[in-house]
Amino acid sequence: TTGCTDLAEIKPKTSSGEWELKPQWKQNYLNLVREAVINLEPIVPTIETNLPIDFICFSKNRPLQLDGYLKSLKHFKTEVPVSVLYTCDGKYEEAYKQLIELWPNVTFLKETKFAENLLSLFSNKPYVCFGCDDVVFTKDVDIDRVLKRMANPQQFAFSFRLGKNIRKSMFSGEFGFPEWNDDGETLTWNLHKSHAFGDFGYSWELNGTVYPSKIARMVIEEVNPSSPNILEAFGGGKWSSKTSRHLMSSFKQSVLTVPSVNVVQRNFANGLPGEELTADSLLQLWNDGKRLDVDSYNDSCFDCIHIPD
């Protein structure tokens with residue numbers, strides 16, 4: 001070995017049988033390889049986990065918030081098989097490269113064709129949970145109870161964002177609760193009878209809800225979305241035609257929150273619950289070495305999924 005990391009032209013010397021190393025340009029070989037992999041194929045880590053749920057997180061121009069989402073997955077108390085499908089403007093590229101180095105057990109795929117890319121991240125696991133980069137898990141998750149509920153042939157979904165504490169929506173204000181079965185740990189309600197109850201009737205969403213993978217795939221294939229927001233907006237009217245499942249559950253208290261401080265999508269004119277912190281300003285904080293303190297949310301109980309914090 002030469003000990004040189006510069007790319008070079010290597011030619012054998014016919015007189016001695018030694019190798020001659022002639023540097024051609026000054027660029028670290030590992031950086032070039034990383035660039036090629038990021039732009040062509042997902043970086044797929046090898047991890048061992050028995051969790052039968054694919055977690056797929058969507059991200060755009062939010063490295064600081066995405067780092068917070070990934071940190072908060074510790075509440076599952078097990079290795080979480082998570083993939084990140086991301087897109088970003090040029091100024092954010094370096095920050096995402098840093099995230100790829102920081103999270104070697106996470107699959108990162110840079111978006112080229114959204115629907116096709118998304119479907120490629122499904123494994124053979126029976127369930128999928130979508131997520132967004134501004135989500136923070138705040139409470140430990142009893143995954144056994146989730147799987148027990150999902151094993152019911154009438155069960156369509158298990159929500160991590162709902163609970164008795166959620167009483168109002170950022171978009172529509174206060175709402176009532178549907179009629180549910182309370183077993184002491186989880187709540188279960190009929191989605192066919194919950195349309196008038198705000199977020200409890202909003203059954204197809206991308207913050208943190210577990211769905212059967214087969215049904216989710218069919219919805220994606222039919223909608224053929226170009227972005228996460230299109231998938232959420234149009235998928236809500238598709239899932240019920242794919243299945244007879246109609247029950248949704250949650251824990252008695254929500255186990256995630258969504259600090260909504262900026263809007264990066266351009267499909268819909270969504271508002272914010274409070275003051276805006278622009279994506280550029282958060283990028284500057286990231287570059288300054290600042291990180292999201294996800295533990296600061298753990299002792300809080302919010303009455304709305306989206307919070308101005």
Side-chain angles (χ1 to χ4, degrees), residues 50-56 72-73 75-78 80 125-132 135-219 231-232 235-258 300-306:
N50 294 320
L51 192 62
I53 306 171
D54 284 318
F55 284 73
I56 302 176
S72 74
L73 292 175
H75 284 291
F76 283 84
K77 302 298 182 182
T78 187
V80 175
K125 296 182 185 297
Y127 307 114
V128 65
C129 181
F130 301 119
C132 291
V135 168
V136 176
F137 283 89
T138 60
K139 301 286 187 295
D140 289 350
V141 178
D142 186 344
I143 200 65
D144 289 337
R145 290 192 177 275
V146 176
L147 298 176
K148 181 179 179 180
R149 282 293 174 196
M150 293 304 296
N152 181 344
Q154 299 304 314
Q155 191 78 24
F156 172 63
F158 195 106
S159 172
F160 294 130
R161 69 182 200 150
L162 294 173
K164 289 185 176 181
N165 56 302
I166 302 300
R167 298 175 175 273
K168 64 181 181 180
S169 166
M170 180 183 81
F171 304 101
S172 58
E174 294 187 4
F175 51 77
F177 293 140
E179 181 179 348
W180 53 40
N181 175 59
D182 182 346
D183 67 4
E185 296 292 339
T186 59
L187 312 171
T188 301
W189 59 96
N190 187 336
L191 287 169
H192 295 330
K193 300 178 180 180
S194 63
H195 299 293
F197 298 99
D199 288 320
F200 287 89
Y202 196 78
S203 51
W204 178 260
E205 63 84 31
L206 307 182
N207 290 149
T209 299
V210 179
Y211 302 106
S213 295
K214 182 179 179 180
I215 299 172
R217 281 177 177 272
M218 289 191 290
V219 171
L231 172 59
E232 179 168 301
K238 301 293 184 183
W239 71 264
S240 60
S241 66
K242 311 298 181 189
T243 181
S244 62
R245 293 171 179 257
H246 58 277
L247 299 180
M248 190 170 190
S249 297
S250 73
F251 293 112
K252 293 185 72 172
Q253 183 174 328
S254 60
V255 297
L256 67 73
T257 191
V258 187
S300 301
C301 183
F302 303 102
D303 62 359
C304 184
I305 294 168
H306 300 84

Working to the nearest 0.5 Å, report the span between [atom1] of [X] and [atom2] of [Y].
X	Y	atom1	atom2	answer
L73	T78	CG	OG1	11.5 Å
S213	M218	OG	CE	11.0 Å
R161	F251	CZ	CZ	15.5 Å

For [X] and [Y], which heavy atoms make the closest approach, and how far apart are they?
X	Y	answer
L51	I143	CD1-CG1, 3.3 Å
C304	S169	SG-C, 4.0 Å
R245	N152	NH1-O, 3.3 Å
T138	L256	OG1-N, 3.7 Å
W239	G236	CD1-O, 3.5 Å
G163	F177	O-CE2, 4.5 Å

With a 4.5 Å limit on heavy-atom distance, are the side chains of [X] and [Y] in contact?
X	Y	result
P52	L147	yes
W189	M248	yes
W204	T209	no
I53	V210	yes
V255	H75	no
V219	Y211	no

Partner residues of [X] under the side-chain hydrogen bond (donor to acceptor under 3.5 Å, both in side chains) criterion, sequence neighbours left out:
X	answer
Q253	none
H246	Q154
S249	Q155, T188
Y127	none

If the condition is salt bridge (Lys or Arg N to Asp or Glu O under 4.0 Å), which residues does [X] pass it with, not counting sequence neighbours?
X	answer
R145	D142
K238	E222
R149	D183
K164	D182

**Study point:** Stepwise side-chain contact (heavy atoms from CB on, under 4.5 Å) test for T186 and F158
**Key:** CA-CA 10 Å; T186 59; F158 195 106; 4.0 Å; yes
Practice item. Keeping to residues at least two apart or across chains, list the salt bridge (Lys or Arg N to Asp or Glu O under 4.0 Å) pairs with something in residues 167-178. Key: K168-D303
Output a table of donor-acceptor pairs, distance under 3.5 Å, between side-chain atoms of residues 190-200 and any protein atom two or more places apart or on a different chain; print 'none' if there are none.
| from | atom 1 | to | atom 2 | distance (Å) |
| --- | --- | --- | --- | --- |
| N190 | OD1 | H192 | N | 2.9 |
| S194 | OG | L191 | O | 3.3 |
| S194 | OG | F200 | O | 3.4 |

Check your understanding: Under the ring-ring contact (aromatic ring centres under 6.0 Å, His included) test, which residues partner F137, sequence neighbours left out?
Key -> F76, F160
Revision key, fill the gap. Residue set satisfying side-chain contact (heavy atoms from CB on, under 4.5 Å) with S254, at least two apart, ordered chain then number -> N165, I166
